[in-house]
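Take a look at the structure set out below.
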Amino acid sequence: MHATSQSDPRRWKALIFIGIAQLMVVLDTTIVNIALPSAQHDLGISDGNRQWVITAYSLAFGSLLLFGGRIADLTGRRRAFIVGLLGFAAASALGGFAVNPGMLLGARALQGVFGALLAPAALSLLAVTFTEPKERAKAFGIYSAISGAGGAFGLIVGGALTEYLNWRWALFVNIPFAVTAVFGAVSVIREPAGARNGARLDLPGVFLATTGLLSLVYGFTRAESDGWTAPVTVALFIASAALLGAFVLVESKVPAPLLPLRVVTERNRGGIYLSLGLAVIGMFGLFLFLTYYLQVVKGYTPVLTGFAFLPMIIGMVAGSTQIGSRLMTRLPPRLLMGPGFLTSALGIALLTQIKVDSSYAGLILPAQVLLGLGMGTAFMPAMSLATRSVQPQDAGVASALISASQQVGGSIGTALLNTIAAGATTNWLAEHARSGADRARLADAAAVHGYATAIWWAVGILVVAAAAAFLLIDAERQNGSTATAGTGAGTKASAVPASAPH
């Protein structure tokens, strides 16, 4: 019996406001990137410190996600959702009114703190609200389309706001999103009774997880700027491994762990976290290189660059809502995720042929369509399955792990692929410096060679993501007679994957 869906007639209205909140969070990921050059000039931020406008957010967000997910489980997801929205809006206003670099960096860190509370609360609300398989497929299709396309859409919004208003509106724009979502949370969102986790907060786990993830994300940030073998980089990775290893040990011993190991050791969820993290590595790298290619090499304006990403957005929406959600009740998740990642790999492989004078319509557009279709098709069943067989009191932390795998994957992708591209560019310039070619054209050719080299790595990583999905995920398709284990109050699995914990 799917009590939650039957007893909540406002669930589709709730989805609208959950989607608005998620759109705000993912928009912020890319919208600030476009506004950063203007903010740097206006506030006098040095070249050495400008990365902190992005890093301050990602460090706080990535390191606190598990903590945010467990707070949502403990205090209630609706309450955490509202607090996260209000805090995110306040931090955005603070950043928009910034008068010096310190004020902006502090505001960005606060955005990350409240985002780490908001993101898992939003996804877990969706998980406990929609439990009937066909409705769940449709709801997660819409949600994953927002998650996948929102970042690219942020390029359009960020470009328009920066070009026609000023960079401060890239932060102020979050406020109406948050106010609207808070109104919806108060008026239509209801959390099922009995889905809350009343256990005490695992403070040692909070400390170890937060500092371990902080060291990991910061390590990749330093790798990008200082190099992979720099003492500080190596020390951060060693510290991260030690802290996260201690975290796993503590979680296996304490009676009420921050991260119950049953959440991550279940075969399907483990496969999802791994394959999603790998896929995001390749996807984030591509966003970075295409943005630089279009603006620096092709000379596109910020607004035109944003619109150039539209085919990817359309592909993601179509993949999520027209392919993933329609086939999720007919095919096992691995037969959507694996081919989806391979389709994305094919799209990225096309971009390895990129040249300074490549045609947008002939190369970049079809590559983006394939990437979008593949990611949209793969992300939708992944998000649904990761929360499908989890116990109600663990929905928040399971949702947080999805965001964490993407956040850490994005940090790794940006650092790893950017380092590979920079090395290839330097080597190419060294080989061709005496050719007598025009210096500006030589620089463009070297940059494009670097992009193409790094893109090959992204292709390989996506192929590994597809292999992980095929080999690790063994859940069967979810049909109308299969109850969703542990996602709604009072539901009990009548049929769950054989490897799922009971």
Side-chain angles (χ1 to χ4, degrees), residues 51-52 54-74 108-120 197 199-226 228-266 269-278 280-281 284 386 394 396-416:
Q51 64 161 330
W52 284 102
I54 308 301
T55 304
Y57 176 84
S58 63
L59 281 176
F61 190 90
S63 62
L64 291 171
L65 270 166
L66 277 179
F67 184 41
R70 183 50 87 197
I71 289 293
D73 286 335
L74 288 168
R108 289 289 289 160
L110 273 178
Q111 279 186 300
V113 170
F114 286 105
L117 180 63
L118 175 59
N197 186 335
R200 292 177 59 187
L201 187 62
D202 169 25
L203 292 178
V206 169
F207 172 77
L208 291 169
T210 301
T211 53
L213 287 171
L214 184 69
S215 298
L216 182 63
V217 176
Y218 188 38
F220 279 103
T221 300
R222 292 302 295 260
E224 185 179 3
S225 59
D226 299 351
W228 295 94
T229 58
V232 173
T233 305
V234 174
L236 284 166
F237 284 138
I238 292 173
S240 174
L243 288 164
L244 293 177
F247 171 70
V248 172
L249 182 63
V250 167
E251 298 308 276
S252 67
K253 304 293 185 184
V254 297
L258 173 69
L259 172 59
L261 296 183
R262 61 180 176 267
V263 174
V264 72
T265 56
E266 195 272 315
R269 282 193 294 274
I272 285 168
Y273 299 142
L274 176 62
S275 59
L276 274 185
L278 288 168
V280 170
I281 290 176
F284 262 64
D394 296 332
V397 76
S399 301
L401 278 169
I402 297 175
S403 297
S405 67
Q406 295 179 64
Q407 187 69 27
V408 173
S411 298
I412 294 172
T414 301
L416 174 65

Exercise. Do side-chain atoms of R222 reach the backbone of P231 as a donor and acceptor pair under 3.5 angstrom?
Worked result: no
**OP:** Apply side chain to side chain contact (heavy atoms under 4.5 Å, CB included) to A230 and list each qualifying residue two or more places apart in sequence or on a separate chain.
**Re:**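 Here the qualifying residues are D226, T233.
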How close do [X] and [Y] get, counting heavy atoms only, and between which atoms?
X: R269; Y: R262; value: NH2-O, 3.1 Å
X: W228; Y: V234; value: O-CG2, 3.7 Å
X: A60; Y: A109; value: CB-O, 3.4 Å

Side-chain donor-acceptor pairs under 3.5 Å in residues 210-217, sequence neighbours left out?
from: T210; atom 1: OG1; to: V206; atom 2: O; distance (Å): 2.7
from: T211; atom 1: OG1; to: F207; atom 2: O; distance (Å): 2.6
from: T211; atom 1: OG1; to: L208; atom 2: O; distance (Å): 3.4
from: S215; atom 1: OG; to: T211; atom 2: O; distance (Å): 2.9

Practice item. Quick one: do Y273 and V263 satisfy side-chain contact (heavy atoms from CB on, under 4.5 Å)? Show the steps, please. Key: CA-CA 11 Å; Y273 299 142; V263 174; 3.9 Å; yes
Could you go through residues 245-257 and list every donor-acceptor pair under 3.5 Å that involves a side-chain atom there, pairing it with any protein atom two or more places apart or in another chain?
from: E251; atom 1: OE1; to: L258; atom 2: N; distance (Å): 2.7
from: E251; atom 1: OE1; to: L259; atom 2: N; distance (Å): 2.8
from: S252; atom 1: OG; to: L249; atom 2: O; distance (Å): 2.6

